[in-house]
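Scroll down for the structure; my scribbles are underneath it.
Quick caveat: nothing in here was measured; it's all calculated off a predicted structure. Quick note on labels: first sequence line is chain A, next is B, and so on, each numbered from 1.
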Number of protein chains: 2
Amino acid sequence: MSTKKSETTIYTPTECKKFILPVRDVIDIIGGKWRLPIIIALSFKIHRFKELERQIEGITPRMLSKELKELEINGLVNREVFNTMPVTVEYSLTDYGKSLDKVIETMRDWGLTHRNKISNE
Amino acid sequence: MSTKKSETTIYTPTECKKFILPVRDVIDIIGGKWRLPIIIALSFKIHRFKELERQIEGITPRMLSKELKELEINGLVNREVFNTMPVTVEYSLTDYGKSLDKVIETMRDWGLTHRNKISNE
DNA sequence: TATAGCACTATACTAAAGTATATCAGTATC
DNA sequence: GATACTGATATACTTTAGTATAGTGCTATA
């Protein structure tokens, strides 16, 4: 993979682990069954809790709540509470969350090529 | 995210799922605890089974065998058996496996930025 | 003959991820 | 007064991912 060292350099397990850590971070942040659906829904528009629940088919309120919290902790999602009756809660992508755009696009490009390759075999 | 439609277009759950599928494929292919370590080890050089087992700290032969099979099924890894005594088996990345390079690099870039952001907070 | 290396496989287990179902407090509508 | 909406939470369960440990058949070396 991309490196300043030559192709033949042997990496120690420790160096390999260091190389992998930031890649793993991305998988840990957007991995799991529901994170991408949530991120992509929010990339189109701000959603309320129930809107997301309806938009994302099959998700339970437990998972939605859990994953939104995780995404908020990682700084990708913003949660705003409005003092209405009954209370309104809006979830949106932060600029930081939006910056995942190009990562998702690169993954999608490769994934589409993969799908074509598989279906042509 | 990247789309031909305007920002305000509301996507149906079905359209969203279709958009996500190829991205999920990538996560399914390189996700899990051991896939990246294996791919990255093989990106530096061809390895034999025991070499990988020694290179990737903590992996058990069961997981190594299981994940190599998966990667082979997905066309990322090539398995070559040599008729020596005892038998020699070499694992290498296919060109297709190498094409993940730019995906991993993009993820790594974002991940490194993320790590800097987290440590500066 | 004992030991070690090679490339695995089998069985049994634990831990993590996700599901199902019920419920909460508050308000508005029928 | 019953029902339904809001944004969730609690408990119990299943399913999937990963671990631990032992063992296979083969050969070369001590």
Who passes side-chain hydrogen bond (donor to acceptor under 3.5 Å, both in side chains) against [X], sequence neighbours left out?
{"X": "H114(A)", "answer": "Y96(B)"}
{"X": "R62(A)", "answer": "none"}
{"X": "K69(A)", "answer": "none"}

Please write out the pairs of protein N or O atoms and N or O atoms of nucleotides 9-12 of chain D separated by less than 3.5 Å, giving the distance to one decimal.
unit_1	atom_1	unit_2	atom_2	d
dT9(D)	OP1	K69(A)	NZ	3.2
dT9(D)	OP2	S65(A)	OG	2.6
dT9(D)	OP2	K69(A)	NZ	3.1
dT11(D)	O4	R62(A)	NE	3.0

What is the separation between atom [atom1] on [X] and atom [atom2] on [N], rounded to the nearest whole Å?
{"X": "M85(A)", "N": "dA25(C)", "atom1": "CE", "atom2": "C1'", "answer": "11 Å"}
{"X": "E53(A)", "N": "dC5(D)", "atom1": "CD", "atom2": "P", "answer": "11 Å"}
{"X": "I56(A)", "N": "dT19(C)", "atom1": "CD1", "atom2": "C1'", "answer": "16 Å"}
{"X": "I38(B)", "N": "dA7(C)", "atom1": "CD1", "atom2": "P", "answer": "15 Å"}
{"X": "L64(B)", "N": "dA17(D)", "atom1": "CG", "atom2": "P", "answer": "18 Å"}
{"X": "I27(B)", "N": "dA17(D)", "atom1": "CD1", "atom2": "C1'", "answer": "16 Å"}
{"X": "N83(A)", "N": "dG26(C)", "atom1": "CG", "atom2": "P", "answer": "14 Å"}
{"X": "R24(A)", "N": "dA17(D)", "atom1": "CZ", "atom2": "C1'", "answer": "12 Å"}

Looking at every strand, decide which applies to Y91(A) at a 4.0 Å heavy-atom threshold: base, sugar-phosphate, or nothing. sugar-phosphate
Could you tell me whether M63(A) contacts a base, only the sugar-phosphate backbone, or nothing, with contacts defined as non-hydrogen atoms closer than 4.0 Å? base
For [X] and [N], is the shortest distance between a side-chain N/O and OP1 or OP2 below 4.0 Å?
{"X": "R54(B)", "N": "dC6(C)", "value": "yes"}
{"X": "K33(B)", "N": "dT19(D)", "value": "yes"}
{"X": "R79(A)", "N": "dA8(D)", "value": "yes"}

Taking the side chain of [X] as its heavy atoms from C-beta onward, which of [options] lies nearest to it?
{"X": "P86(B)", "options": "dT19(D), dA28(C), dC6(C)", "value": "dC6(C)"}
{"X": "K50(B)", "options": "dG18(C), dT19(D), dC6(C)", "value": "dC6(C)"}
{"X": "W34(A)", "options": "dG7(D), dT19(C), dG18(D)", "value": "dT19(C)"}

For DNA chain D, whose closest nucleotide is more 5', that of V89(A) or that of R35(B)? V89(A)
Distance-minimising heavy-atom pair for I46(B) and E51(B): O-OE1, 4.0 Å
Between the side chains of K50(B) and E53(B), is the shortest nitrogen-to-carboxylate-oxygen separation below 4.0 Å, so that they form an ion pair? yes
P86(B): side-chain contact (heavy atoms from CB on, under 4.5 Å) partners, not counting sequence neighbours: none
Identify, with sequence neighbours excluded, every residue that meets side-chain contact (heavy atoms from CB on, under 4.5 Å) alongside L21(B). R115(A)
